[in-house]
Amino acid sequence: MTVITRFPPSPTGMMHIGNARTALFNYLYARHNDGKFVIRIEDTDRARHSDEAVDVIIDSLNWLGLDFDNTPTSQYANKDRHIEVAQELLTEGKAYKCYCSPEELQEMRDSMKSEGRIVAYNNKWRDKNDSDAPADTPYVIRIKSPLDGHSVVPDSVQGDVKVENKQLDDMIILRSDGTPTYMLAVVVDDYDMGISHVIRGDDHLNNTFRQNVIYDAMGWDKPTYAHLPMILGDGGGKLSKRHGAVSVDEFKQAGYLPEAVNNYLLRLGWGHGDDEIISIEQAIKLFDFKGITKSAAKFDYTKLESLNAHYIVEADNQRLLDLLTPFLKSEIDVELNETTASRLLNGMNGIKERAKTLVQLAHEARLYCTDITEYDDKAQKQLNTDSAIIFKGLLENLKTLSDFNHDPLEALCRDTATALADDKLGKVMMPLRAALTGTDKSPALFEAMEVLGKDETLIRIQNAIDFIEKS
RNA sequence: GUCCCGUUCGUCUAGGGGUCUAGGACACCGCCCUUUCACGGCGGCAACACGGGUUCAAAUCCCGUACGGGACGCCA
């Protein structure tokens with residue numbers, strides 16, 4: 001049997017990170033088994049549908065690198081097929097017309113709730129004849145659920161889950177306007193598309209029993225189910241904007257790499273021994289239902305960050321440069337030219353291990369792509385008459401240095417320290433850091449000078465001297 | 001209210017009766033490295049929700065309690 005998994009997002013205008021994990025797991029399971037991974041847009045609710053909302057989801061999947069094997073289908077487009085199934089069930093007496101109004105149903109639920117009974121439809125129209133039907137009254141079609149006994153859903157994550165059938169009421173499969181409900185549509189589409197494994201959030205676990213009623217009524221084989229535990233916010237409630245990014249696009253905007261997001265999401269609810277750093281390729285090899293955790297997990301942004309830091313260091317420098325471009329614009333208002341781009345590329349190794357996100361990396365990149373003409377408070381403290389003397393000595397020595405590379409630069413700075421700063425290297429380097437970067441924290445300076453080059457280094461030192469003498 | 005699911009360090013998790021004085025990762029603390037901040041290295045803190053069973057033996061199996069999450073729509 002070929003494995004076919006699916007990701008069925010409803011077009012809400014964003015891709016929630018929890019849905020991203022569901023998509024990931026479906027993707028991994030399909031790839032692990034040489035199967036197919038398909039996308040189906042759950043747009044039976046027309047009010048919510050929009051093409052832009054669909055694009056957002058596709059963009060997110062693309063960004064994550066979760067490639068799918070079909071042209072995303074619209075559930076709405078299969079409407080006629082869903083209706084056909086509902087009609088078939090009706091003809092066979094497995095479904096029936098219910099003339100209750102929404103108001104009547106609401107009252108029914110309210111009273112049942114206040115009496116502490118099971119909140120369910122009371123089967124009022126289940127056994128009525130057509131002759132009892134009121135004229136000109138809209139009706140819905142409900143499917144007949146078993147009245148007694150119990151049902152079991154064998155779940156690959158949760159194990160066998162059992163429920164008494166009296167908990168299941170006769171759900172609506174066709175609305176009074178003749179359109180199919182989600183419950184009907186998923187089942188029919190999953191069946192028609194040959195979905196072998198339904199992997200979804202465990203908020204759907206209860207729905208599974210109801211959906212199985214349709215499978216049974218149609219005599220269809222059921223898919224294998226795997227219900228994933230939820231992802232929660234740090235308070236234990238729903239993960240919300242209050243905690244930080246929640247949509248895939250927001251994580252992208254916040255400067256996370258897709259491989260970090262995938263790795264984090266994978267480990268959130270799935271484990272393989274002590275493995276922590278797992279590439280998507282390895283994940284495809286390793287992924288199984290056995291490793292899925294049963295309990296809900298709280299989202300930890302700090303751990304994601306640390307993973308992101310790891311993947312930034314691993315990332316190819318040219319790719320980082322490309323990814324960084326929009327962040328340079330938005331964070332420090334810089335557009336690279338040939339000189340600064342090449343400098344940044346050369347300096348990338350030195351700065352990338354200092355950043356946890358692309359946002360931070362943009363700030364780290366600053367010293368390589370802007371002129372340094374302003375100094376922050378910490379830097380200004382380093383720029384005084386004492387350091388001016390050191391700068392002048394440094395300048396003289398640097399001018400004559402022909403081999404402007406790490407080791408000679410270090411030797412030169414150490415000599416300068418011996419001569420002018422009581423052999424304290426820090427007394428040379430801290431002011432130099434202020435001059436070269438405009439602040440008091442930076443990557444290692446010998447490398448930075450090498451990357452900046454002789455001309456730029458000398459200019460920055462001279463600028464610092466000018467600054468001191470002006471003030 | 002009814003039903004379903006869950007509960008190991010702060011967080012993510014390893015663990016599927018003895019190898020657990022419970023392992024790893026992130027976070028945190030300390031030390032080292034060091035021109036700053038990071039990185040890195042080393043070390044430390046820190047958990048089996050509770051109560052009953054079953055068993056020679058339970059984090060692991062069973063039951064109950066508590067707590068948390070989820071579902072009870074002509075939403076998906």
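Side chains included, hydrogens not; waters and symmetry mates left out as well; all remaining heavy atoms used.
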**Request:** Have a look at Gln158(A) and say if it touches a base, only the backbone sugar-phosphate, or nothing, with a 4.0 Å heavy-atom cut-off.
**Result:** sugar-phosphate

**Asked** Hey, is Arg6(A) close enough to Asp190(A) for a salt bridge, meaning N to O under 4.0 Å?
**Response** yes

**Item:** Integer-rounded Å distance: rG1(B) P and Met108(A) CE
**Value:** 23 Å

With the criterion being N/O to N/O and under 3.5 Å, what pairs connect the protein with nucleotides 58-62 of chain B, and how long is each?
none

**Item:** Leu286(A) versus Trp270(A), closest heavy-atom pair with distance
**Value:** O-CZ2, 3.6 Å

**Asked** Rounded to whole angstrom units, what separation is found between the CE atom of Met449(A) and the P atom of rU35(B)?
**Response** 13 Å

**Request:** Please state the P separation for the pair rC67(B) and rA14(B) - nearest whole angstrom.
**Result:** 27 Å

If you look only at distance, which donor and acceptor atoms sit under 3.5 Å apart when one is on a side chain in residues 18-25 of chain A and the other is two or more places apart or in another chain?
from     : atom 1 : to        : atom 2 : distance (Å)
Arg21(A) : NH1    : Leu268(A) : O      : 2.7
Arg21(A) : NH2    : Pro229(A) : O      : 2.3
Thr22(A) : OG1    : Gly18(A)  : O      : 3.2

**Request:** Indicate, with a heavy-atom threshold strictly under 4.0 Å, whether Gly201(A) touches base, sugar-phosphate, or nothing.
**Result:** nothing

**Message:** Distance check needed: rC5(B) P versus Lys162(A) NZ, whole Å only.
**Reply:** 10 Å

**Message:** Only pairs with both distances under 3.5 Å count, Watson-Crick or wobble alike; so what is the partner of rA38(B) in this structure?
**Reply:** none

**Message:** Could you tell me how far rC74(B) sits from rC50(B) if I compare only their P atoms? Round to whole Å.
**Reply:** 43 Å

**Item:** Whole-angstrom distance between rG40(B) and rA76(B), as gauged at atom C1'
**Value:** 49 Å

**Item:** Atom P, compared across rG30(B) and rG70(B): separation rounded to whole Å
**Value:** 38 Å

**Request:** Check the distance between rU2(B)'s P and His150(A)'s NE2 and give it to me in whole angstrom.
**Result:** 22 Å

**Fill in**
Walking RNA chain B from its 5' end, the first of Gly426(A) and Ala297(A) to be reached, judged by nearest nucleotide, is Ala297(A)

**Asked** Rounding to a whole Å, what distance do you find between Leu268(A):CG and rA14(B):P?
**Response** 12 Å

**Asked** At under 4.0 Å between heavy atoms, what does Lys427(A) touch on the DNA or RNA strands: base, sugar-phosphate, or nothing?
**Response** nothing

**Asked** Given atom NZ of Lys298(A) and atom C1' of rC12(B), what is their separation to the nearest angstrom?
**Response** 11 Å

**Asked** Taking a pair as Watson-Crick or G-U wobble with both distances under 3.5 Å, which nucleotide is matched to rA49(B)?
**Response** rU65(B)

**Item:** Atom-pair distance (CG on Asn262(A); P on rC12(B)), nearest Å
**Value:** 20 Å

**Close side-chain approach of Val261(A) and Val248(A), heavy atoms under 4.5 Å** = no

Between the protein and nucleotides 67-74 of chain B, which nitrogen or oxygen pairs are less than 3.5 angstrom apart?
from    : atom 1 : to        : atom 2 : distance (Å)
rG70(B) : N2     : Asn206(A) : ND2    : 3.3
rA71(B) : O4'    : Asn206(A) : ND2    : 3.3
rC72(B) : O2'    : Val119(A) : O      : 3.0
rG73(B) : OP2    : Arg109(A) : NE     : 3.3
rC74(B) : O2     : Ser176(A) : N      : 3.0
rC74(B) : O2     : Ser176(A) : OG     : 2.9
rC74(B) : N3     : Ser176(A) : OG     : 3.0
rC74(B) : N4     : Cys100(A) : O      : 3.2

**Request:** Kindly state whether the ring of Tyr264(A) and the ring of Tyr256(A) have centres lying under 6.0 angstrom apart.
**Result:** no

**Below 4.0 Å: OP1/OP2 of rC12(B) and any side-chain N or O of Lys303(A)** = no

**Request:** Identify the heavy atoms of Ala226(A) and Ser156(A) that sit nearest to each other, and give their distance.
**Result:** CB-CB, 4.1 Å

**Fill in**
In short, salt bridge (Lys or Arg N to Asp or Glu O under 4.0 Å) pairs touching residues 138-158 of chain A with sequence neighbours left out are none

**Item:** Ionic contact status for Asp189(A) with Arg81(A), cut-off 4.0 Å
**Value:** no

**Asked** Do Phe289(A) and Tyr29(A) have ring centroids that are under 6.0 Å from one another?
**Response** yes

**Message:** Assess whether a salt bridge exists between Glu364(A) and Lys441(A), defined as any Lys/Arg side-chain N lying under 4.0 Å from an Asp/Glu carboxylate O.
**Reply:** no

**Message:** I'd like to know if Arg40(A) and Glu42(A) make a salt bridge, using a cut-off of under 4.0 Å between side-chain N and carboxylate O.
**Reply:** yes

**Asked** Can you check the Asp234(A) CG to rC12(B) P distance for me, whole Å?
**Response** 10 Å

**Asked** With rounding to whole Å, what would you report as the distance between rA22(B) and rG17(B) at their C1' atoms?
**Response** 15 Å

**Message:** Less than 3.5 Å apart, any donor N or O on the side chain of Thr439(A) or Asp376(A) sitting next to an acceptor on the other?
**Reply:** yes

**Message:** I'd like to check Glu104(A) versus Glu107(A) (side-chain heavy atoms, cut-off strictly below 4.5 Å). Are they in contact?
**Reply:** no

Enumerate the protein-to-nucleotides 36-39 of chain B contacts in which both atoms are nitrogen or oxygen and the separation is below 3.5 Å.
from    : atom 1 : to        : atom 2 : distance (Å)
rU36(B) : O2'    : Asp440(A) : O      : 3.4
rU36(B) : N1     : Arg433(A) : NH1    : 3.3
rU36(B) : O2     : Arg433(A) : NE     : 3.3
rU36(B) : O2     : Asp440(A) : O      : 3.4
rU36(B) : O2     : Ser442(A) : N      : 2.9
rU36(B) : O2     : Ser442(A) : O      : 3.4
rU36(B) : N3     : Arg433(A) : NH2    : 3.0
rU36(B) : N3     : Ser442(A) : O      : 2.6
rU36(B) : O4     : Arg433(A) : NH2    : 3.3
rU36(B) : O4     : Ser442(A) : O      : 3.3
rU36(B) : O4     : Ala444(A) : N      : 3.4
rC37(B) : O2     : Arg354(A) : NH1    : 2.3
rC37(B) : O2     : Arg354(A) : NH2    : 2.1
rC37(B) : N3     : Arg354(A) : NH1    : 2.8

**Prompt:** Which part of the nucleic acid does Thr179(A) contact within heavy-atom distance under 4.0 Å: base, sugar-phosphate only, or nothing?
**Reply:** nothing

**Message:** Using atom C1' in both nucleotides, what's the gap between rC12(B) and rA58(B) to the nearest angstrom?
**Reply:** 25 Å

**Complete:** Each nucleotide of nucleotides 41-49 of chain B classed B (base within 4.0 Å of a protein heavy atom), S (only sugar-phosphate) or -, in 5' to 3' order, makes ---------

**Fill in**
When both distances are under 3.5 Å in a Watson-Crick or G-U wobble arrangement, the nucleotide paired with rG43(B) is rC29(B)

**Ring-ring centroid check Phe251(A) Phe299(A), cutoff 6.0 Å** = yes

**Request:** Tell me what Phe299(A) touches on the nucleic acid: a base, only sugar-phosphate, or nothing, going by heavy atoms under 4.0 Å.
**Result:** nothing

**Request:** Give Arg414(A) one of three labels, base, sugar-phosphate or nothing, depending on what nucleic acid heavy atoms sit under 4.0 Å from its own.
**Result:** sugar-phosphate

**Message:** Could you identify the nucleotide paired to rU60(B), looking across every strand shown and requiring Watson-Crick or G-U wobble geometry with both distances under 3.5 Å?
**Reply:** none

**Request:** Considering only NZ, NE, NH1 and NH2 on the basic side and carboxylate oxygens on the acidic side, decide whether Arg414(A) and Glu410(A) come within less than 4.0 Å.
**Result:** yes

**Prompt:** Does the side chain of Cys413(A) reach to within under 4.5 Å of the side chain of Leu432(A), using non-hydrogen atoms?
**Reply:** yes

**Request:** For rC20(B) and rG41(B), measure between their P atoms and round to the nearest Å.
**Result:** 26 Å

**Asked** For atom C1', what is the distance between rC42(B) and rG6(B), given to the nearest Å?
**Response** 38 Å

**Fill in**
Comparing Asp160(A) with Lys290(A), nearest RNA chain B nucleotide closer to 5' gives the residue Asp160(A)

